[in-house]
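Contents: one structure, followed by commentary.
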Amino acid sequence: MSAPLAAPPAAWADTEPGPVALVRTGLSRIATMCLVELQKLRHDRTELATRAVQPALWLLVFGQVFTNLHAIPTGNTPYLDFLAPGILAQSALFIAIFYGIQIIWERDAGVLAKLLVTPTPRVALVAAKAFAAGVRAVAQAVVVLLLALVLGVSLTTNPLELLGVVVALMLGSAFFCCLSITIAGLVLSRDRMMGIGQAITMPLFFASNALYPVALMPTWLQWVNHVNPLSYEVEALRGLLVGVPARLGLCFGVLLLAAAVMITVASALLPRLTR
């Protein structure tokens, strides 16, 4: 009769990380990626200034002209106050939507393949990219909000509402960053990714409530607005920053769900970039 098999060494039992270890590793990777983004901004401070040019033009030219014209009815809210949160969301969108180009560059440089063979779950890698885009968006938001203050926009000073602004920007940026990574996983080319990114940013912007109230839109555009996550981000920012009535619970719920879905989809397509 054969002897019973000996129990495996205790060290073998730790080869497969448990769920707690995976969560800890994922959160660590997300924090590291966010720190890397802050380091990039510290080493290249001119990026914030150059990226602020377009939001500045929208506020200085479009906002000032339409405020004087009174062409867009916004009730008791001055048009420039109405516009500022929309331009804030637009600047975050433009930052996040081109993260797909960065992931393709990392693929070409061999960085992505090295990341995928680490114990870090794919979903943690994508979430790290998503919230790193949020860090950049928040840094850009500081510049845009300072400009809005200079132009006389009445902004909240409530710390909790400002924290809500940060959360809304992070969730919105996470969604659009993962949308970009998803597109990158389908097209697999920087040139195609650049073209598609440019093609979808302005339709997303104009099909939202960033520039005008929903009531002014034709019916078909209102339907598009209702399924556009940017609209919920703008509504949340507008309600928090300038006190316009907003469905904050609905807005944050939609943004959270949209970000979670897109992180999952982008994670599934991530290995396709390394084939």
Side-chain angles (χ1 to χ4, degrees), residues 33-67 77-99 101-102 129-177 180 197-198 201-202 204-206 208-211 229-244 246 251 255:
M33 288 286 190
C34 292
L35 184 60
V36 167
E37 291 299 320
L38 290 175
Q39 291 289 342
K40 289 179 182 177
L41 291 174
R42 187 173 68 86
H43 290 301
D44 186 12
R45 296 185 180 93
T46 58
E47 182 180 350
L48 287 178
T50 54
R51 286 188 178 275
V53 171
Q54 190 175 52
L57 289 175
W58 277 99
L59 289 173
L60 286 169
V61 179
F62 193 89
Q64 295 279 15
V65 169
F66 276 79
T67 296
T77 305
Y79 182 69
L80 196 58
D81 292 24
F82 179 88
L83 178 66
I87 301 304
L88 186 62
Q90 179 214 45
S91 66
L93 165 65
F94 284 8
I95 289 172
I97 202 66
F98 291 106
Y99 258 72
I101 298 174
Q102 184 185 46
K129 288 286 185 186
F131 288 104
V135 169
R136 280 184 175 267
V138 171
Q140 181 69 48
V142 174
V143 179
V144 177
L145 290 177
L146 288 175
L147 177 61
L149 285 172
V150 170
L151 293 175
V153 176
S154 300
L155 300 175
T156 184
T157 57
N158 186 317
L160 290 178
E161 291 178 337
L162 292 176
L163 180 60
V165 169
V166 171
V167 173
L169 285 172
M170 295 285 284
L171 290 174
S173 299
F175 171 81
F176 289 112
C177 172
S180 180
Q198 292 175 339
T201 47
M202 296 313 290
L204 282 169
F205 179 51
F206 286 112
S208 74
N209 54 357
L211 297 178
L230 185 65
S231 297
Y232 296 94
E233 182 181 357
V234 171
E235 183 176 345
L237 292 174
R238 193 168 281 146
L240 292 167
L241 283 172
V242 298
V244 174
C251 292
L255 290 173

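Because the structure is a prediction, the values reported are computed rather than measured.
- Side-chain atoms of Trp58 and Val144, non-hydrogen and from C-beta on, never get closer than 4.5 Å to each other.
- Between Leu162 and Val166 there is no side-chain heavy-atom pair separated by less than 4.5 Å.
- Annotation: side chain of Phe98 is not in contact with side chain of Gln102 (no heavy-atom distance under 4.5 Å).
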Verdict with reasoning, Leu80 to Leu151, per side chain to side chain contact (heavy atoms under 4.5 Å, CB included):
CA-CA 9 Å; Leu80 196 58; Leu151 293 175; 3.9 Å; yes
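- Contact record, Ser173 with Ala137: OG-CB, 3.2 Å, taken as the closest heavy-atom pair.
- Between the side chain of Arg238 and the main chain of Asn209, a donor-acceptor pair closer than 3.5 Å is present.
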Quick one, Ser91 with Gln140, criterion side-chain hydrogen bond (donor to acceptor under 3.5 Å, both in side chains). Give me CA distance, side-chain angles, the key distance, then yes/no.
CA-CA 7 Å; Ser91 66; Gln140 181 69 48; 5.3 Å; no
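- The distance from atom CG of Leu241 to atom CD of Glu161, rounded to the nearest 0.5 Å, is 8.5 Å.
- Side-chain contact check for Phe176 versus Leu230: some heavy-atom pair is nearer than 4.5 Å.
- Inter-residue side-chain proximity for Met170 and Val138 is flagged as met; some heavy-atom pair is nearer than 4.5 Å.
- Atom SG of Cys177 sits about 11.5 Å away from atom CG of Leu93, to the nearest 0.5 Å.
- Side-chain atoms of Ser180 come within 3.5 Å of backbone N or O of Ile97 as a donor-acceptor pair.
- A heavy-atom distance below 4.5 Å is not found between the side chains of Phe94 and Gln198.
- Rounding to the nearest 0.5 Å gives a distance of 10.0 Å between CG of Asn158 and CG of Leu163.
- For the atom pair CG of Leu169 and CD1 of Ile95, the computed distance is 9.5 Å after rounding to the nearest 0.5 Å.
- Panel note: side chain Tyr79, backbone Leu211; a donor-acceptor pair is recorded below 3.5 Å.
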Could you go through Ile87 and Phe205, starting from their C-alpha distance and side-chain angles, then the distance that decides it, and tell me whether this counts as side chain to side chain contact (heavy atoms under 4.5 Å, CB included)?
CA-CA 9 Å; Ile87 301 304; Phe205 179 51; 4.1 Å; yes
I would like to know whether Leu237 and Val242 meet side chain to side chain contact (heavy atoms under 4.5 Å, CB included); could you show each step before the answer?
CA-CA 8 Å; Leu237 292 174; Val242 298; over 6 Å; no
Kindly indicate, with the supporting measurements, whether the criterion side chain to side chain contact (heavy atoms under 4.5 Å, CB included) is fulfilled by Leu147 and Leu59.
CA-CA 8 Å; Leu147 177 61; Leu59 289 173; 4.0 Å; yes
